[in-house]
Amino acid sequence: MILRKLLTIAIACGVASSALASKTVLGKLGQVTQGCKIYARPSTGAHVYYRVQAYEYVVIQPKDPNWMKVLLQNGAYGYVPAAYVVKLPYEVTADQATRGNFRGPNISSRTSAGVANYALNFIGTPYVWGGNDPNRGIDCSGLVQQMFGKIGVDLPRTASEQALVGRPVSRLEDLRAGDRLYFWENKRGKIGHTGIYLGKGYFVHSSMTHRGVATDYLGSPKWLRILVAARRS
C-alpha cells in the first residue's frame, strides 16, 4: 500500500529550515488524477504492484518525463506514468531516525480480512528464501505466518504445514478476504507456495517470480491449475 496516511509524515510547506534540520526529504507530494497501476519497473510490461485510485495522494520522485517513482509503505519504490500524477508544491519529510524503516500501520481490524489489507503495506518487499522480515526480505510462507501472527494466529513456518491448519474452504465462490491459499509445486511434489486472498479474485503473496511481495489474479490459469487448498483461520 502506498503512503496514504501522508499527514503522519511532516509536509514541509514553507517551514523554517531550522525546523527541518532533523528531517530527511522523501520526495514531493503528488496526487493521482485517474486510477492507474503502479509497476515494478518503469514499463507497462512490468509486474503490477498495486492499483491506485483516482485522487489518492502519493510520495513521488520524478524519474524522467514519462515516469514517476512512487514510495511504497515499506520504503521500496514502484513506478507510475507521469501523465497520471500531478506534482504538488510540497515536500514530504520524515524524521531521519525513521528513514529506511517504514512499517505498515497497525491492523485496523483484527480479523483475517484485516490481515489481507495489512499485507498490502509490504508490497515491494524483496523475496528472500527463508526470510521472515516483511520490511527487508521475506518468502511466501514467512509472509503469511508474520501477517497472521499480528492477530494472534500461530501458524507453522512452511506452506505445506500451514495448509493443514484451519477450516477448509472447498469452493472458489466461498472464498473470503483473508483466506489462506495453497499451491502445488511439481518440482518438490508437495505444497510449496501460499498467499492471502484479497477478494474480487486477487491475492497477495511473496513471489520469487515477481522478486517480492506483490498481488496476482487467482483466476488466471497459471494459479487455478495449481491451487490445491484454501484455509480459513
Side-chain angles (χ1 to χ4, degrees), residues 1-2 38-41 46-50 71-78 100-107 112-166 168-169 175 177-199 201-220 222-233:
M1 191 177 291
I2 315 159
I38 298 179
Y39 296 94
R41 303 188 315 278
H47 177 70
V48 176
Y49 274 155
Y50 189 71
L71 182 64
L72 303 177
Q73 183 73 47
N74 62 352
Y77 286 95
N101 189 30
F102 298 99
R103 296 185 182 274
N106 293 330
I107 299 178
S112 294
V115 167
N117 287 327
Y118 179 69
L120 292 174
N121 288 291
F122 304 100
I123 285 178
T125 293
Y127 179 91
V128 174
W129 179 267
N132 289 304
D133 190 330
N135 291 284
R136 294 184 174 86
I138 199 162
D139 66 11
C140 63
S141 56
L143 178 69
V144 172
Q145 184 190 52
Q146 291 291 319
M147 295 300 99
F148 279 90
K150 297 294 185 182
I151 61 168
V153 177
D154 187 17
L155 293 174
R157 180 58 179 83
T158 68
S160 58
E161 292 171 321
Q162 290 176 9
L164 302 175
V165 178
V169 180
L175 285 172
D179 287 345
R180 293 177 280 116
L181 307 173
Y182 294 95
F183 303 92
W184 191 257
E185 186 177 315
N186 286 325
K187 185 180 294 186
R188 293 193 290 167
K190 65 177 185 178
I191 289 173
H193 191 64
T194 180
I196 304 170
Y197 189 64
L198 295 168
Y202 287 88
F203 68 103
V204 59
H205 59 150
S206 184
S207 167
M208 185 182 297
T209 301
H210 300 315
R211 299 182 181 178
V213 180
T215 59
D216 262 309
Y217 182 56
L218 182 63
S220 70
K222 170 185 175 179
W223 294 111
L224 281 181
R225 186 170 58 249
I226 59 174
L227 177 67
V228 293
R231 293 290 184 268
R232 186 166 296 158
S233 297

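Just so you know, residue 1 is the first one in the sequence shown, and it goes up from there.
- In this structure, Y217 OH and L224 CG are separated by 8.0 Å, a value rounded to the nearest 0.5 Å.
- Checked by atom type and distance alone, the side chain of R180 never pairs as donor or acceptor with a backbone atom of A159 at under 3.5 Å.
- Using a 4.5 Å cut-off on side-chain heavy atoms (C-beta onward), I191 and W184 make contact.
- Closest non-hydrogen pair, I138 versus S206, comes out as O-OG, 2.8 Å.
- Taking the six-membered ring where the residue is Trp, F122 and Y118 present perpendicular rings, their angle passing 60° and hence far from 30°.
- Taking CD1 of I38 as the reference point, atom OG1 of T215 lies at 10.0 Å (rounded to 0.5 Å).
- Taken from CZ in R211 to CE in M208, the straight-line distance is 11.5 Å, to the nearest 0.5 Å.
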**Request:** Test L181 against L175 for side chain to side chain contact (heavy atoms under 4.5 Å, CB included), laying out the working first.
**Result:** CA-CA 9 Å; L181 307 173; L175 285 172; 3.9 Å; yes

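- Closest of all the heavy-atom pairs between G124 and A76 is O-CB, 3.7 Å.
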**Asked** Can you check side chain to side chain contact (heavy atoms under 4.5 Å, CB included) on R157 and D139, steps first, answer last?
**Response** CA-CA 10 Å; R157 180 58 179 83; D139 66 11; 3.0 Å; yes

**Request:** Check step by step if side chain to side chain contact (heavy atoms under 4.5 Å, CB included) holds for M147 and V153.
**Result:** CA-CA 9 Å; M147 295 300 99; V153 177; over 6 Å; no

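- Closest of all the heavy-atom pairs between G178 and A116 is N-CB, 3.8 Å.
- In this pair, H193 and W223 present their aromatic rings parallel. The plane angle is below 30°, not in the 30 to 60° band.
- Going from atom CG of L198 over to atom CG of N117 covers 7.5 Å, rounded to the nearest 0.5 Å.
- A heavy-atom distance below 4.5 Å is found between the side chains of D216 and H47.
- Summarising the geometry of C140 relative to G192, their closest heavy-atom pair is SG-O, 4.0 Å, with the distance given to 0.1 Å.
- A donor-acceptor pair shorter than 3.5 Å cannot be found between the side chains of R232 and S112.
- In this structure the side chain of Y39 reaches within 4.5 angstrom of the side chain of V48, judged on heavy atoms.
- Side chain of Q162 to backbone of P156: a donor-acceptor contact under 3.5 angstrom is found.
- Here the straight-line distance linking atom CG of L164 with atom CZ of R231 works out to 7.0 Å at 0.5 Å rounding.
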**Prompt:** Would T194 and F183 count as a side chain to side chain contact (heavy atoms under 4.5 Å, CB included) if you check the C-alpha gap in whole Å, the side-chain angles of each, and the deciding distance to 0.1 Å?
**Reply:** CA-CA 6 Å; T194 180; F183 303 92; 5.6 Å; no

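- Relative ring orientation between H205 and F203 is described as tilted, the plane-to-plane angle lying within the 30° to 60° band.
- Summarising the geometry, atom NZ belonging to K190 is positioned 6.0 Å from atom OG1 belonging to T158; distances are rounded to the nearest 0.5 Å.
- At a threshold of 4.5 Å between non-hydrogen side-chain atoms, the residues N132 and Q145 count as touching.
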